[in-house]
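A quick write-up on the structure given underneath.
Values reported hereafter were calculated over all heavy atoms of this structure, with side chains retained and with hydrogens, waters and symmetry mates removed. Naming: A, B, ... by sequence-line order, numbering from 1 per chain.
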Amino acid sequence: MHKYNPHEIEEKWQKAWEESKIFKVYEDNQRPKYYCLEMFPYPSGRIHMGHVRNYSIGDVVARFLRMRGYNVLHPMGWDAFGLPAENAAIKHGVHPAKWTYENIEHMKRQLKRLGFSYDWDRELATCDEDYYRWEQKIFLEMLERGLAYKKKAPVNWCEKCHTVLANEQVVGGKCWRCESEVVTKDLEQWFFKITEYADELLEGLEKLRGKWPEKVLVMQENWIGRSEGAEIEFKIDGLDKSIRVFTTRPDTVFGVTFMSLAPEHPLVDELVKMHPETEKIMGEVERLRKQPRSARLLDEFEKEGVFTGAYCINPFTGEKVPIFVANFVLYEYGTGAVMAVPAHDQRDFEFAKKYKLPIKVVIQPEGEELDPETMTEAYEGQGYLVNSGQFNGMFNEEAKKAIIEYMEDKGFGKGTVTYRLRDWLISRQRYWGTPIPVVYCGKCGMVPVPEEELPVKLPKDAPFTGTGNPLEMVEDFVNTTCPKCGGPAKRETDTMDTFVESSWYFFRYCSPQYDKGPFDRKAVDYWMPVDQYIGGVEHAVLHLLYARFYTKVLRDLGYTNVDEPFSALLTQGMVLKDGRKMSKSFGNVVDPDSMIEKYGADTVRLFLLFAAPPEKDLEWSDQGIDGCYRFLNRLWRLLTGHIDDLRGVGRDFDFAKLSDAGKEAVKRTHKLLKKVTADVEKFRFNTAVAAFMEYTNHMQDLESCINWEDENELRAIRDCFEKVVLALSPFVPHFADEVWSLLGNEGFTLNERWPEYNEEWTKEEFITLVVQVNGKVRARIEAPSGLSEEEMKKIAVENERIKKWIDGKSIVKIIVVPNKLVNIVVR
RNA sequence: GCCCGGGUGGUGGAACUGGUAGACACAGGGGACUUAAAAUCCCCUGGGCCUUGUGCCCGUGCGGGUUCGAGUCCCGCCCCGGGCACCA
């Protein structure tokens, strides 16, 4: 008898799979397609446990569906552009490309050691010219359509690193890398017009309800932040201009007592000139403008404002309203101007108290009299309008509509919708990214690089000094000729945010070598959308929103008719050690390689599937994985213990002629198959693995009772074991293929059909009849299954132990749950 | 503050649609085998009580409620995790 030797068999089967190209897939209209995708990794150097968990889950799904007759696309690749590569270049002098490709090499070997069923012929790296050239082409088309544009915008800028930082790279107002203060700078930056799709991105979420985690849907909803309201124009007193405000509470417009403008608002300079002490006020405004944006966005940051000296006119009341500049007003949101109603907005209330501005109540709640003199906070609830002219007495929700209608009629306002979502800033002043394919000509201005000149390649050599954008310093790259006039021109040196690459890689997988466009329409029509996407919840908004947006853009550019890329989403939890995320700094990293070394890949995969349901965080346990290894050894001994007897016999057997133990074994097997099938369908891998363990325990008990001399019995057991092995295949594929072959079979379990179970044999002959008296369990009785209600009642009532509880009492009623339970209600 | 999750033994987690709470595993205790150890196998393992039984009582964050019956449904709290947050 062979001992379970994971390393030997894993190496053997991985080689066999590779040689037979078992994971290669093609479009095939004869079979239903299934696109199973896991988020591709950043090639940071080594695979970590989080990846192994993610990909183990994906592999079960892919292998299961393939065995169920689907044509499964299961690709893998590399999200290969990004800052760590450039940091490595700065720190160790390795070229980002060398660093990245070496990491890919290593991580690919690690993934292969884990036995995942990827079609490696579809592998892609986003830093390949063949990949990013198509991204440049799509960019040009977006530019043409106005979906990509350049504008001056306030951004986070680190003086020391001489580069723009994304919001998430600003930690507590400081640069995450050099810890120097981040300032706000107005810079020309490239944006994608994601706001144009705000409504569609919001509505699209409805289609995904039930198939994406609710949490992710809600996060995207919040992020998009649609709010309905109105825009109202306030004329400036003594100036032929007006201020437009956005408000969600047009019903409170009669309560406006001042106006707040964002410091960046373009009218501010002009208004301040109306103040007698222009210079002093301008100084104050400048001070507010210099407050870092990141700090201004914090809740605790002190709210302050400056009176501009100017007034505007409330179009409803004709009242003069003072105009303030306030640091809490965001220029990017709404119109950058807010009508302040201190009685009904807490922020305005606090501001009014601070600067001693009037408070005017215009909404009265029922059964309560609001008095501006005694109010301690704003009343933001509903009520009836007062002090509001012809709208007095109206319920405020009604008044919203009436006031909007009135304004639209008179032409100084309208109902409108605003979003929190901003356009996507995609410029990065970094080397290791996709170059933005435009040039600047002194004569022609900004000129797109013609398509036939793509790709705009990253220059191989660039100085990685740690300051400034290396691309700017490569003369050969920067200096070029204008495609329009042939004159001297400068290249754009910004590269694209790496989230752009990950926004369409799933399309590229469908035809990764296609050289006539980003992807082959036919292949995409066949494979897309992704049927099951699996990855970490940390991408709930960023990547998953960008990818949805980009898909809609590709659709509108005519590349596809898919408008939601991921039909279903599973967000797996993190892998923790000692209750926290694994990290080098905390020294609690468990290295997958060392675990594979110790137990083999199958054990590692099995533990990650068993230790927690996929969507929950998983606590790594050295003892836990040990338990999984012991289980596989026990299972191995069970399945191979009589292998020489089993190998020679057929599979057809006569159930009726089996021994009791044989019958029991067959029934256990079919019940197991039923349970595992149902669990895998629902992604409940942890309970599926538990079912295998339970099965193994029971079969060990039966082992000595089974008649190993009887041919019919042997045939039955062989059939059972083969079915079990097939069901194990998605979980522990090397183990399964080895036992499959020891049982005398050719080929791979992955090419076999998922085992069917016989419903007849999953039925219990006997049940435990639970008898309750007044809802408390008082007896458990072994009884044949399928009894009628009357028979169950009879058994219950006549039971000795039950009699004790019901004698001398009157039975009020008896509730029967067929095949399960009887509850006798007595008084 | 708002919005999502979640709270079950010493631990990770089970429990279909309201019907036996604690499957499976880990840890712990006891035993078998062994000169010994490892490996393996067997038994016990939520708390309490006594009359040691096929026993009784309590027990799924807390307090109420609905129901013959609640971990599961409803109401009100507490705690933990995550997300958003001066968004007008």
Side-chain angles (χ1 to χ4, degrees), chain A residues 213-223 225-227 229 245-249 252 260 262 296-303 326-330 332-341 344-348 350-351 418-422 537-538 540-541 573-574 576 607 610-613 615-628 630-631 633-634 637 675 678 682 684 686-697 700 767-781 799-801 804 812-826:
Chain A
E214 189 60 24
K215 180 184 171 168
V216 175
L217 297 176
V218 169
M219 282 167 74
Q220 293 213 355
E221 259 168 36
N222 289 344
W223 192 264
R226 181 189 149 100
S227 64
V245 300
F246 173 76
T247 180
T248 54
R249 295 293 303 270
T252 63
S260 310
R296 263 172 66 189
L297 289 169
L298 295 174
D299 206 6
E300 319 85 68
F301 200 71
E302 198 188 336
K303 299 170 185 42
N327 66 345
F328 63 83
V329 179
L330 304 172
E332 303 85 2
Y333 185 76
T335 59
V338 186
M339 64 176 216
V341 186
H344 306 293
D345 180 282
Q346 186 58 24
R347 213 177 24 217
D348 295 342
E350 285 164 23
F351 196 86
T418 295
Y419 300 89
R420 208 189 74 105
L421 182 72
R422 310 285 152 72
V537 75
E538 64 272 18
V541 173
M574 286 187 298
L576 310 175
F607 173 69
F610 172 66
E615 64 283 356
K616 284 189 70 173
D617 285 350
L618 182 152
E619 173 69 26
W620 181 269
S621 158
D622 291 332
Q623 289 94 333
I625 191 170
D626 224 56
C628 284
R630 284 200 294 269
F631 161 69
N633 275 285
R634 268 186 294 137
R637 287 195 295 273
K675 166 91 176 138
K682 284 178 273 185
R684 285 157 39 162
N686 55 327
T687 51
V689 174
F692 281 117
M693 291 173 168
E694 227 168 324
Y695 173 80
T696 306
N697 294 342
Q700 276 180 324
I767 54 143
T768 305
L769 174 58
V770 175
V771 187
Q772 299 181 331
V773 178
N774 289 346
K776 294 198 182 226
V777 178
R778 296 302 178 189
R780 295 184 172 97
I781 305 164
N799 183 273
E800 283 305 313
R801 308 169 44 70
K804 245 178 25 195
V812 180
K813 63 171 158 179
I814 302 179
I815 287 130
V816 180
V817 181
N819 262 332
K820 212 164 219 171
L821 172 143
V822 175
N823 187 11
I824 305 166
V825 185
V826 296

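- Residues A/L576 and A/L618 have side chains not in contact (no heavy-atom distance under 4.5 Å, counting atoms from C-beta outward).
- Side-chain proximity of A/V218 to B/U40, B/G55, B/C3: nearest is B/C3.
- Aromatic rings from A/F610 and A/F631 are positioned such that their centres are separated by 6.0 Å or more.
- Annotation for A/V338 and A/V329: closest pair CG2-CG1, 3.8 Å, computed over non-hydrogen atoms.
- Put simply, OH on A/Y419 is 19 Å from P on B/C87, counting in whole angstrom units.
- At the heavy-atom level, A/V825 lies under 4.0 Å from the strands shown only through sugar-phosphate atoms.
- Here B/C57 presents its P atom at 12 Å from CG of A/N774, a figure rounded to the nearest Å.
- B/U20 and B/U54: their C1' atoms are spaced 14 Å apart (whole Å).
- Regarding A/W620, its CH2 atom lies at a distance of 16 Å from the C1' atom of B/U11, rounded to whole Å.
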How would you summarise protein contacts on nucleotides 14-33 of chain B per nucleotide, using B for base, S for sugar-phosphate only and - for none, with heavy-atom distances below 4.0 Å? SSB--BBS-BBSSS------
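- Taking only side-chain atoms of A/E214, from C-beta outward, the nucleotide of B/G5, B/G82, B/C41 with the closest atom is B/G5.
- Regarding the sugar-base torsion, B/G9 falls in the syn class, its angle being within 90° of 0.
- One C1' atom belongs to B/G9, the other to B/A15, and the distance between them is 15 Å to the nearest Å.
- Atom P of B/C43 sits at a distance of 12 Å from the matching atom of B/A25, rounded to the whole Å.
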Please list each protein N or O that sits under 3.5 Å from an N or O in nucleotides 46-51 of chain B, with the distance.
none

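- Residue A/R420 places no side-chain N or O under 4.0 Å from the OP1 or OP2 atom of B/A88.
- Using C1' as the reference atom, B/C73 and B/U67 are 10 Å apart when rounded to the nearest Å.
- Using a 4.0 Å cut-off, no side-chain N or O of A/R778 falls inside it from OP1 or OP2 of B/G55.
- For RNA chain B, runs of at least 3 consecutive pairs of the Watson-Crick or G-U wobble type, with both hydrogen-bonding distances under 3.5 angstrom, map to B:1-7 with B:78-84, B:10-12 with B:24-26, B:28-32 with B:40-44, B:46-49 with B:55-58, B:61-65 with B:73-77.
- Look at CD on A/E221: it is 15 Å from P on B/C84, rounded to the nearest Å.
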